[in-house]
Every structure is written in C-alpha cells, then in structure tokens.
> 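Structure incoming, see below.
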Amino acid sequence: GLAETIWQRMETTFQSATWLNWIQLLPEDVIRTHPLLGYGYASALMDGGKVEASTARLQDVERTLERAGQLDDAWIVKIAKIRAYNAQVLGDIASVMRYTRLALDHLPSDDNVQRGMIVGTLGIAYWSSGDLEAASQAFSDFRASMRRAGNLYFVIASTFALADVKIAQGHLQDAVR
C-alpha cells in the first residue's frame with residue numbers, strides 16, 4: 001500500500017519519526033499481516049532507539065514471512081541488518097558481528113549500498129572490540145562499496161571513520177590520505 005511505498009522514500013530522507021507517527025494509527029492486525037509495513041515499523045523504532053520494540057516487530061515480520069514461505073535472502077538481509085543495528089545500540093558486539101555476517105552471506109555481490117552499510121556497521125563493531133586492523137579493512141571496504149555506488153556522502157563519512165581508526169593505530173600519515 002501507500003504507507004509501504006512512502007516508507008522507503010521517507011527512510012532515506014531521515015523522516016522515520018514522521019512515518020512512524022502515521023503508522024501507529026493503523027490497526028495492529030494490518031501491521032502484523034504486512035511484512036514490509038512491519039519491517040518499516042521495526043526500522044523506524046530502531047531509528048528512534050526503541051530497541052526492544054524494534055526487535056519485537058522484527059520477530060512478527062519473521063514469523064509472518066515464515067508462515068507464508070516468503071523468508072528469502074532479501075528478507076534475511078533486511079532483518080539481520082536491523083538486528084545488527086539494535087545489537088550495536090545494546091553494545092552486544094558478538095551479535096553485531098553475527099548479524100552482519102549473516103546479512104553479508106545472503107546479500108547479492110552487486111548490492112554496493114547495502115554491502116557498504118553492513119560492512120560499515122561491522123567496522124564499528126571491530127573498532128569497539130579493539131580490533132583496529134579489521135576495523136580499518138571494514139571501513140576501507142565500506143568506502144569502496146559506496147564509491148562504486150556513487151554515494152559521495154557515505155564515501156566522505158567512511159573516509160573520516162577510516163582516518164580515525166588509522167590515528168588510533170598510530171598510522172598518522174595514512175590518516176591524512
């Protein structure tokens with residue numbers, strides 16, 4: 001429906017809170033029986049820092065998809081990505097790594113935007129755990145994926161993250177590049 005269609009546009013323009021306010025007016029059974037709507041709801045809750053509510057919505061989405069026999073690679077990636085973000089908020093580095101790897105295992109090799117976002121999340125997890133070499137590689141991969149996708153905003157963001165890791169490693173000359 002309309003709410004599902006505009007969610008994707010609103011999410012990419014950082015309007016999740018507005019979309020969430022609209023969706024909360026819908027009957028619960030409508031949300032639970034429409035996986036994309038439920039996923040958007042979980043994503044918007046995640047954006048608002050409501051990890052437990054987001055996780056519960058993801059469980060609803062997964063159950064609905066499993067019952068319908070529609071839990072395919074694309075859905076596995078979407079659900080794992082949000083679970084990784086939620087785990088990151090909770091500081092659960094092991095879960096971040098598990099869910100990002102799950103998402104990467106099911107992601108098409110040519111999906112540079114998703115790959116970049118997922119690898120960037122993995123880079124933060126590595127950095128948080130003190131594995132600076134793996135973090136550096138992940139942020140390099142993030143930047144390369146975003147460059148291939150033509151997303152200059154995230155190329156710049158990943159460059160700053162990579163420079164911060166290089167500084168933490170004591171590689172000041174590499175951080176300048």
Side-chain angles (χ1 to χ4, degrees), residues 7 10-21 23-24 31 35 38-63 65-66 71 73-107 111-146 151 153-172 174-175:
W7 166 72
M10 291 183 79
E11 183 189 44
T12 60
T13 57
F14 304 104
Q15 298 179 60
S16 294
T18 300
W19 185 86
L20 182 59
N21 288 334
I23 297 313
Q24 289 173 330
I31 296 167
Y39 173 77
Y41 200 160
S43 180
L45 289 166
M46 182 255 330
D47 286 344
K50 297 176 180 162
V51 173
E52 290 177 13
S54 174
T55 299
R57 288 287 167 191
L58 287 175
Q59 290 168 343
D60 289 343
V61 169
E62 198 166 37
R63 274 192 297 271
L65 290 167
E66 284 174 344
L71 187 60
D73 282 346
W75 276 111
I76 290 169
V77 169
K78 287 179 182 185
I79 292 168
K81 187 172 75 169
I82 299 298
R83 284 195 171 136
Y85 294 155
N86 285 340
Q88 192 170 48
V89 168
L90 297 173
D92 183 353
I93 302 304
S95 291
V96 173
M97 290 182 182
R98 182 174 71 246
Y99 289 127
T100 54
R101 288 184 183 122
L102 176 64
L104 290 170
D105 287 346
H106 291 272
L107 187 69
D111 190 340
N112 291 309
V113 173
Q114 292 280 20
R115 183 167 302 284
M117 299 304 288
I118 294 165
V119 172
T121 301
L122 185 58
I124 293 168
Y126 282 134
W127 192 359
S128 297
S129 70
D131 189 344
L132 299 180
E133 190 58 41
S136 177
Q137 184 59 54
F139 288 130
S140 292
D141 293 348
F142 177 26
R143 183 172 60 182
S145 290
M146 290 305 170
N151 188 320
Y153 174 80
F154 283 118
V155 169
I156 293 168
S158 61
T159 300
F160 279 104
L162 181 58
D164 285 343
V165 170
K166 294 292 185 186
I167 290 168
Q169 289 177 301
H171 301 153
L172 301 181
D174 290 339

> Do any pairs count as a salt bridge (Lys or Arg N to Asp or Glu O under 4.0 Å) and have a residue in residues 83-95, sequence neighbours left out, and if so which ones?
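Output for this query lists E62-R83.
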> Does some side-chain heavy atom of R143 sit less than 4.5 Å from a side-chain heavy atom of F154?
no
> Using side-chain heavy atoms (C-beta onward) and a distance below 4.5 Å, is I79 in contact with L65?
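Counting from C-beta outward, I79 and L65 do come under 4.5 Å.
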> Is there side-chain contact between L122 and D141, with heavy atoms separated by less than 4.5 Å?
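A side-chain contact under 4.5 Å is absent here.
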> Check whether any side-chain heavy atom of I76 lies under 4.5 Å from a side-chain heavy atom of L71, and answer yes or no.
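I76 reaches L71 side chain to side chain.
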> Would you please name every residue forming a side-chain hydrogen bond (donor to acceptor under 3.5 Å, both in side chains) with R57, sequence neighbours left out?
E28
> Which residues pass the side-chain contact (heavy atoms from CB on, under 4.5 Å) test with E52, not counting sequence neighbours?
none
> Please answer whether the main-chain N or O of L132 pairs with a side-chain N or O of S136 as donor and acceptor at a distance below 3.5 Å.
no
> Are any side-chain N or O atoms of T159 and backbone N or O atoms of V155, one a donor and one an acceptor, separated by less than 3.5 Å?
yes
> Just jot down the side-chain contact (heavy atoms from CB on, under 4.5 Å) partners of K81, sequence neighbours excluded, or say none.
Y39, Y85, Q114, I118
> Who pairs with A56 by side-chain contact (heavy atoms from CB on, under 4.5 Å), at least two apart in sequence or on another chain?
none
> Measure the shortest side-chain to side-chain distance between V61 and R63 over non-hydrogen atoms and say whether it is less than 4.5 angstrom.
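In short, these two side chains do not touch, never coming nearer than 4.5 Å.
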> Could you report the tightest heavy-atom contact between Q88 and V96, atom names first, then the distance?
N-CG2, 3.3 Å
> Side chain to side chain donor-acceptor pair (under 3.5 Å): which pairs involve residues 116-130, sequence neighbours left out?
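Qualifying pairs, neighbours excluded: R101-Y126.
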